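Below: the structure, in structure tokens.
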Amino acid sequence: MTDAAQSPGSEHLRCENIRVSFGGVVACDNLSLTVPRGKIIGLIGPNGAGKTTLFNVLTRFQEFDSGHIYYEGRQIDNSRPHHMVHMGLSRTFQNINLFGNQTTMKNIMTGAHNLMGDPFSAMFWLPGARKREKEAEDRALEIADMLHLVPELESIVGTLPYGYQKRVELARALASKPSILLLDEPVAGCNDEETAELKDLVFKVNRQMGVSVLLVEHDMSMVMQVCDYIYVINFGANLAEGTPEEVRKNPDVIAAYLGDEEDQA
Amino acid sequence: MAQITQTNGLFQQDDSARDRLNAVNACKRRFLRQDVTATLIVFAALVLVPQLPFVKGWMLSQASLAIIFIIAALGISILVGYTGLVSVGHGGFLAIGAYTSALLTKYYAVDLVVGIIAATLVSAFFGALLALVFLRLSGAFMAIGTLGFAFFVGTVVNNVPIFEGRDGILLDDNVVLGMEIGDFGFYYVSIVTLAVMTLFVYCIVNSGTGRAFMALRDSENAAMSSGVNRLLYRTLAFSISAGITGSAGALNAHIVNYVSAEVFADIWFSVDILMAVVVGGPALLFGPYLGGIFVVMLPFFLEELADFAFIMKGVVLILVLRFAQQGVGEVMFRPIQNYRRRKLMEAGGAKVD
Ligand SMILES: Nc1ncnc2c1ncn2[C@@H]1O[C@H](COP(=O)(O)OP(=O)(O)OP(=O)(O)O)[C@@H](O)[C@H]1O
Ligand SMILES: [Mg+2]
């Protein structure tokens, strides 16, 4: 990568005119967005707007009909899901995806898979691999400490409450030393205290470690507080974008969310 | 894994909750230690078998056979227990290992040790090759695919002249490091092979590679988002699994110095290996030990009813699948586990349900 691609504010992750349809349902209709390096970008929209679908496209879990994805300026349309973390892109899932009958520690350690080296030196416990394993363990403990997961390190994650599992997932995503983090509703189902804590944490990860973040979240107070820039989508299409201030005042956005509330009422 | 039901109070972040959690966690770590300890005890017992005064020749060969099944089951545990894939055709790899070593020792007069290593590598190679076919199939189709592979190996062994079909190949006495070895010597070769393979499986399972296998077993999406290359690691698991089982095949060829299609084209081999690991405990180190010994010893306990061994095995399998899905090994550890948990949780002041 050139220095320009690594400098703060330069384009980190970008997608252009992404279109995804499931049979007749168009989940994404020419969606475009850019995540600049070192920024926290919000992606919001009413239920069913296509946020998760776009997320899955960006992380290559979802095929798309047309459009392009760029990572640090390089086109990654044909990358596979397991390539992403090796490039520095880590994600969490809206519906938690964990290794349910393994311990918290194992879950976090697996998140550091990209730093493990080749499978042969790992399985024969060669010195270099053991050293990396030790480093991964130390890092896992550090992350667990940051997320208040230390008492649960040896617990089976499937038996932990929802809020804990959300944090284990975030811990697993952080274990890979990502340079960009994609979070799909990280505070859904968390209580106020946990939400406040996670909000601080996302902020810390971004400001102190310089990790770019793309955040999908329904908790508006969190989105408005932590995001540098927000994209609003509705019915699979870009509706508005701007700073939190601008988005909050945008009449289209207000209408979309009010409409959503009327639907639900 | 032992499931410990936790009360909600456990998750408050005060100090007493922390103590209680530490108690629970210490208990869980002991579970892993139990697995290794139980394995070491059975291993030590197997080492001592030839020293016992009442052990006769047939007992020794029976113990050798048990070791062979334990190794084969260790091999399949990598697949079934840790990677979450099923093979109903591992007898095919047992045969590949057996004939590799048999042909090499017969026609090239190689050392038994070389034969075993070659059998391991050749089986691992075929395992990797076949994985590319099997892994395209999913679920039941993959199981049927592996079964087809075992039949295919049987057909080849029966019909390609070099394998000498049902007449079989008679081998010379076993030679290790230039010395001829008898039954006792062979027994210790089996023991060393078992030790190496057990250590190997332990190292794999407790490494990043093992974590990648288990990740694929537990959640493909989470595994892929962690960067695990599904095809690479599943192929690797298949290859390792086939290699370990192949080494068992080599031992099985040299135990009576005779290989024939009658023995190695038998599909029940595949079923027995799979059964050993499912009954013993697929994701335990101790599981293959328990299951391997069970499968070999059952006909003896049944004595003149030995013909009913298949029915008995079927009954046991159904009972295990119904009542102990993690295998008998896990159930055996449970009382000690519960006792410890109770003591530890009482120490931590928690209510035990
Ligand atoms: N695999 C699928 N097959 C068919 N339709 C799908 C599939 N996945 C999503 N959809 C549809 O695509 C649309 C967008 O869904 P998506 O999950 O991306 O929304 P979202 O913005 O994440 O919503 P939420 O806020 O509820 O999570 C919805 O109408 C949904 O029903
Ligand atoms: Mg969603």
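Bear in mind that the values here come from a model prediction, so they are computed numbers and not experimental data. In what follows, every chain begins at residue 1, and chains take the letters A, B, ... in the order their sequences are listed.
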Which bit of [X] is near chain B, if near means a heavy-atom gap under 4.5 Å: side chain, backbone, both or neither?
| X | result |
| --- | --- |
| Phe61(A) | side chain |
| Thr59(A) | neither |
| Arg130(A) | side chain |
| Met109(A) | both |

Practice problem: Of all the heavy-atom pairs spanning His113(A) and Gly227(B), show the shortest one and how long it is. | Solution: CD2-O, 3.3 Å
For [X], look at atom [atom1] and say whether over 12 heavy atoms of other residues, nucleotides or ligands are found less than 6.0 Å away.
| X | atom1 | value |
| --- | --- | --- |
| Phe200(B) | CZ | yes |
| Phe120(A) | CZ | no |
| Asp138(A) | CG | yes |
| Tyr202(B) | OH | no |
| Phe43(B) | CZ | yes |

Practice problem: Using modelled atom types only, decide if a donor and an acceptor are shared between the side chain of Thr209(B) and the backbone of Pro119(A) within a distance under 3.5 Å. | Solution: yes
Quiz item: Distance-only, no hydrogens or angles: does the Trp125(A) side chain make a donor-acceptor pair with backbone N or O of Cys203(B) under 3.5 Å?
Solution: yes
Quiz item: Between Arg172(A), His86(A), Arg132(A), which has the largest tally of heavy atom pairs under 4.5 Å with chain B?
Solution: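 Of the candidates given, the most pairs with chain B belong to Arg172(A).
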Rounded distance (nearest 0.5 Å) linking atom [atom1] of [X] with atom [atom2] of [Y]:
| X | Y | atom1 | atom2 | result |
| --- | --- | --- | --- | --- |
| Ser226(B) | Asn114(A) | OG | CG | 8.5 Å |
| Leu98(A) | Asn221(B) | CG | CG | 11.5 Å |
| Asn206(B) | Lys106(A) | CG | NZ | 6.0 Å |

Could you tell me whether the side chain of [Y] reaches within less than 4.5 Å of the side chain of [X], counting heavy atoms only?
| X | Y | value |
| --- | --- | --- |
| Gln102(A) | Met214(B) | yes |
| His82(A) | Ser225(B) | no |
| Arg217(B) | Phe99(A) | no |

Practice problem: Under 4.5 Å, heavy atom to heavy atom: which of residues 231-240 of chain B reach chain A? Give them by number, or say none. | Solution: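 At a heavy-atom separation under 4.5 Å, chain A is reached by Tyr233(B), Leu236(B), Ile240(B).
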Quiz prompt | Candidate pair Ser207(B) and Met116(A), rule side chain to side chain contact (heavy atoms under 4.5 Å, CB included), full reasoning | solution = CA-CA 9 Å; Ser207(B) 76; Met116(A) 171 189 109; over 6 Å; no
Quiz item: Is there a side chain to side chain contact (heavy atoms under 4.5 Å, CB included) between Asn97(A) and Met224(B) once you walk through the steps?
Solution: CA-CA 11 Å; Asn97(A) 262 305; Met224(B) 288 191 294; over 6 Å; no
